[in-house]
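Computation of the quantities below employed the complete heavy-atom set of this structure, encompassing side-chain atoms and omitting hydrogens, waters and symmetry-equivalent molecules.
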Amino acid sequence: MAYDRRSFIAAAAALGATAAWARPVAAASRMQWTERRDLYADGVASGDPEPTSVILWTRRPFESGSEHRLTAELALDAEFTRVVASVRAPVLAESDWTCRVLAGGLKPATVYWYRFVDDTGAGSRVGRTITAPRVTDDRPVRFAFVSCNSVNEGAQNAYRRMIWEDARAPADERLGFVLHLGDFIYEVVEYPEDVSHRYSRIVYDLGHIPDGRKVGNFHVPTTLEGYRHVYRAHIRDPDIQDARAYFPFVCIGDNHEFSWQGWQSFIQYPGGKVEPAQPLRVAANQAWWEYIPSRVRKASGPELDAFAPPRVVAAPITKVDDDGFGDEANNRIAIGSMTAYRAMRYGKHVDLILTDLHSYRMEDPTGRPEAAALDSGDYPVIPQEWLEIVDGGKDYAGGKPPVTIAIGDKTIPNFRKDEPAVTVLGREQKAWLKDRLTKSAATWKIWGVTNGPLDMRTDPQNLPAGLFKAPWPGRDYGTFPGADFSGAFAERREIYDLVRDRKVSGFVTVSGDRHSFWAGYAAPALPPAAFEPVGLSFITGSISAPGLGEAVEFGKPSPRSGLYVRRPAGGAPEHTINLTVKRGVRAALEYAASGDIAKARALTNPDLAPHVAFVDMAGHGYTVVTAGRDAIDTEFVCIVRPIVRATTPDGGPLRYRVRHGAEMWQPGEPPKLRQHIVEGDVSLSI
């Protein structure tokens, strides 16, 4: 959105940011600036670019006082001989000495350089940012999407690779921004003195969380200072810090920005009770706002440069409304302290629509005590029909849910038959999402859904007899359990049916959280129901967090191991879990026994996963999207397992590079993915 100077200043105040308005004529800097990274240990960052503005960020602690001033400069060159804007901005102790500046009056699709300096001349490192193109700009949009930075258990080499490749790319092939789809931090922190290694991972020291709470082998924040500590520990990683200084980031949080298994203002740890934690939710929101430069809305109004948290108490939440939202004043206030879901128009071709999947979701019914009988404890998956009944509640089967749920030769009461269908989005956010999808005029409507919507299932009905103690109790397919959006069957179908019925063109989902790479089709249902895709769906591997493919390497060998991993003599483990979820159990067991991929593929169950074109359950790295007038393309850039920090400028070697793309399809017609393996062996993934 373009602003004149007066409306821009008003908008900046509403965002809680000091405003810097660009002047029409650039001039050389007159600032005395000496780089002092020791004083600006958390670096610089920029976020949420628009065609004429972007938010700039730094952190500069001071030993005394509660308020100081920094000068922010924005230039057209890294040497600051062409400065276009400068402004004095407050940096406050109450905001943990973080500073935000909204730079406006800028040129669209333009690279700028920025820095901060204090009154002594001590300056931050220099940052680079890029404004968005105009809405009428017909050039292809190019961005990367990422998720899951586990600084505690890995190295962030993917960011170094991303910078290295971008700096060497032609100007028209460089990234405009990085989309971070959550788990920017992991609030569950291991201490090396408690746990020195997990899997093959070194546990790196992030320091002790102030007033932390011990949960098993993890320590979690209980206060604002605890969350701030974890953010600093993450952004002081040199590769994360370099990436934030080089690219503008667009971020949306996931579960670990608040609590691992939390939702709304509830927390729950394995084996423990559900606890109300309204003050903790506010603290998590405040720390996110302080450390992630963005245009999210906060409830405290137009105060400059401070979050101004509301006062709440950890009151019991005993009632929920029709959408499963905690009907308690402190819960409503805590959640409302920050509204993160938002959209960003980027050129003519991309509308980026970001949703928050943890602030408004109802309790996952599969985690309730009544659901314990659904899981035999023997099989790694749960019958899909059970999950669909529990998810659908009173709306299941057109409003005729069964009174009981059959479990093999047993039955349990359908504890969900009088309750509403599961919502992850919540009422208001879902209405907003639908409105944005149906009204968008962009070529591609890209939904940042954070948790993967692609079904992750297999076909235990085809297992050989005797591999498990008891017969498979389900009707046919089994779904891997968890709070992934793929398990929100009814709500996902509701969105996808809207896309179909309203003829929304160019519908694409991008996700993270699974710690694995997936490419496929957005479809409301899978066989034996009709398979009718309405769009494309991509999930990116984690930057560094370990995933299921890695975990199964360390499982105890058994006759079932072939479903997950093959351990060839003298060779690296091979992830047959990819075959289990893409081709079926027969294919996985065949490959585990013979190592012959052709024989394994010959045993594919074609009805299992027509929605999956690619899956790698052990992938780390990032995904690059190129969206143009007639086509969209993605590129999976998969690095080797990031256990230690790379010693080369390119971030270390790649495992593979694979591209998927599609030409624009007409509403009512299914999209058609094409696949190109650029480099690497991905035979178990395709």
Side-chain angles (χ1 to χ4, degrees), residues 138-143 145 343 345-353 355 430 433-449 452-457 485-486 488-511 517-539 582-583 604-615 623-636 658-677 686:
D138 191 49
R139 289 174 292 183
V141 173
R142 190 172 171 87
F143 67 93
F145 68 95
R345 183 66 186 268
Y346 203 89
K348 185 175 182 178
H349 299 303
V350 167
D351 201 2
L352 182 62
I353 306 168
T355 49
K430 182 159 55 179
L433 170 64
K434 290 179 175 180
D435 184 68
R436 186 79 186 199
L437 281 172
T438 55
K439 291 181 179 177
S440 176
T443 306
W444 302 99
K445 295 80 177 171
I446 300 180
W447 179 17
V449 68
L454 283 167
D455 293 76
M456 182 175 168
R457 69 176 192 172
F485 195 73
S486 65
F489 297 101
E491 189 161 64
R492 183 185 59 178
R493 186 180 303 112
E494 182 182 351
I495 300 301
Y496 289 179
D497 285 351
L498 174 86
V499 170
R500 179 199 62 207
D501 296 343
R502 298 291 294 274
K503 301 187 185 304
V504 176
S505 61
F507 176 68
V508 179
T509 73
V510 294
S511 309
F517 284 104
W518 295 64
Y521 299 97
L526 298 179
F531 176 60
E532 299 173 344
V534 298
L536 304 175
S537 194
F538 303 98
I539 303 173
K582 186 180 190 310
R583 296 186 175 275
T604 296
N605 176 355
D607 289 335
L608 170 63
H611 64 303
V612 178
F614 182 98
V615 57
T623 302
V624 174
V625 175
T626 304
R629 182 189 306 118
D630 302 313
I632 190 165
D633 290 276
T634 64
E635 181 176 85
F636 293 158
V658 176
R659 293 175 184 156
H660 294 89
E663 308 303 316
M664 177 58 76
W665 60 96
Q666 294 299 316
E669 296 180 357
K672 295 181 180 179
L673 270 176
R674 43 184 161 73
Q675 186 178 76
H676 175 52
I677 301 163
I686 58 176

Go through it in stages, so that I can follow the logic: the residues are V504 and K445, the test is side-chain contact (heavy atoms from CB on, under 4.5 Å), and I'd like the CA-CA distance, side-chain angles, deciding distance and then a yes or no.
CA-CA 8 Å; V504 176; K445 295 80 177 171; 4.1 Å; yes
Heavy-atom nearest pair, F507 first then A522, reads CE2-CB, 4.1 Å
Which pair of non-hydrogen atoms, one from P610 and one from P527, has the smallest distance, and what is that distance?
CG-CD, 3.8 Å
Can you tell me if CZ on R674 sees more than 12 non-hydrogen neighbours from other groups inside 6.0 Å?
yes
Just wondering, do I446 and I353 contact through their side chains at under 4.5 Å, heavy atoms?
no
How long is the straight-line distance from CG of D138 back to CZ of R629, given to the nearest 0.5 Å?
4.0 Å
Between K430 and T355, is any side-chain donor less than 3.5 angstrom from a side-chain acceptor?
no
Taking R500 for the side chain and P524 for the main chain, is one N or O donor matched with an acceptor at less than 3.5 Å?
no
Establish, from distance only, whether the side-chain atoms of T509 and S537 form a donor-acceptor pair under 3.5 Å.
yes
Nearest non-hydrogen partners of R142 and V624, listed with the distance:
CZ-CG1, 3.7 Å
Check this for me: does any side-chain nitrogen of one of R436 and D351 sit under 4.0 Å from a carboxylate oxygen of the other?
yes
Do F614 and F517 pass the ring pair (Phe, Tyr, Trp, His ring centres under 6.0 Å) test, and can you show the C-alpha distance, the side-chain angles, and the key distance before you say yes or no?
CA-CA 7 Å; F614 182 98; F517 284 104; 7.2 Å; no
Salt bridge or not between R492 and D455? Use side-chain N to carboxylate O under 4.0 Å.
yes
Closest heavy-atom pair and its distance - F143, V141:
CD2-CG1, 4.1 Å
Please evaluate residues Q675 and V658 with respect to the criterion side-chain contact (heavy atoms from CB on, under 4.5 Å), reporting the C-alpha separation (whole Å), side-chain torsions for both, the decisive distance (0.1 Å), and the verdict.
CA-CA 7 Å; Q675 186 178 76; V658 176; 4.3 Å; yes
For the residue pair F485 and W447, does the interplanar ring angle fall in the parallel (under 30°), tilted (30 to 60°) or perpendicular (over 60°) class?
perpendicular
Which value, rounded to the nearest 0.5 Å, describes the distance between F145 atom CZ and F538 atom CZ?
7.5 Å
Given 3.5 Å as the limit, does a donor-acceptor pair link the side chain of T438 with the main chain of D435, or not?
yes
What is the distance from atom CD of E494 to atom CG of L498, rounded to the nearest 0.5 Å?
8.0 Å
Please report the interatomic distance OG(S511) to CH2(W518), rounded to the nearest 0.5 Å.
11.5 Å
From CA spacing to verdict: side chain to side chain donor-acceptor pair (under 3.5 Å), K582, T604
CA-CA 8 Å; K582 186 180 190 310; T604 296; over 6 Å; no
Answer whether the closest heavy-atom distance between the side chains of I632 and L536 falls below 4.5 Å.
yes
F531 and Y521 aromatic ring geometry - parallel, tilted or perpendicular at 30°/60° bounds:
perpendicular
Search all heavy atoms of T443 against all heavy atoms of H349 and return the closest pair with its distance.
OG1-ND1, 2.7 Å
Report yes or no: does S440 contribute a side-chain atom to a donor-acceptor pair with the main-chain N or O of A442 at less than 3.5 Å?
yes
Out of curiosity, M456 CE to H611 NE2, how far, rounded to the nearest 0.5 Å?
10.0 Å
To the nearest 0.5 Å, atom CD of E532 lies from atom OH of Y496 at 14.5 Å
R659 and F636: side-chain contact (heavy atoms from CB on, under 4.5 Å), yes or no, with the steps?
CA-CA 6 Å; R659 293 175 184 156; F636 293 158; over 6 Å; no
If I compare all heavy atoms of S486 with all of L454, which pair ends up nearest, and what's the gap?
CB-O, 3.4 Å
Criterion side-chain contact (heavy atoms from CB on, under 4.5 Å) on H660 and D633, from CA distance to verdict
CA-CA 6 Å; H660 294 89; D633 290 276; over 6 Å; no
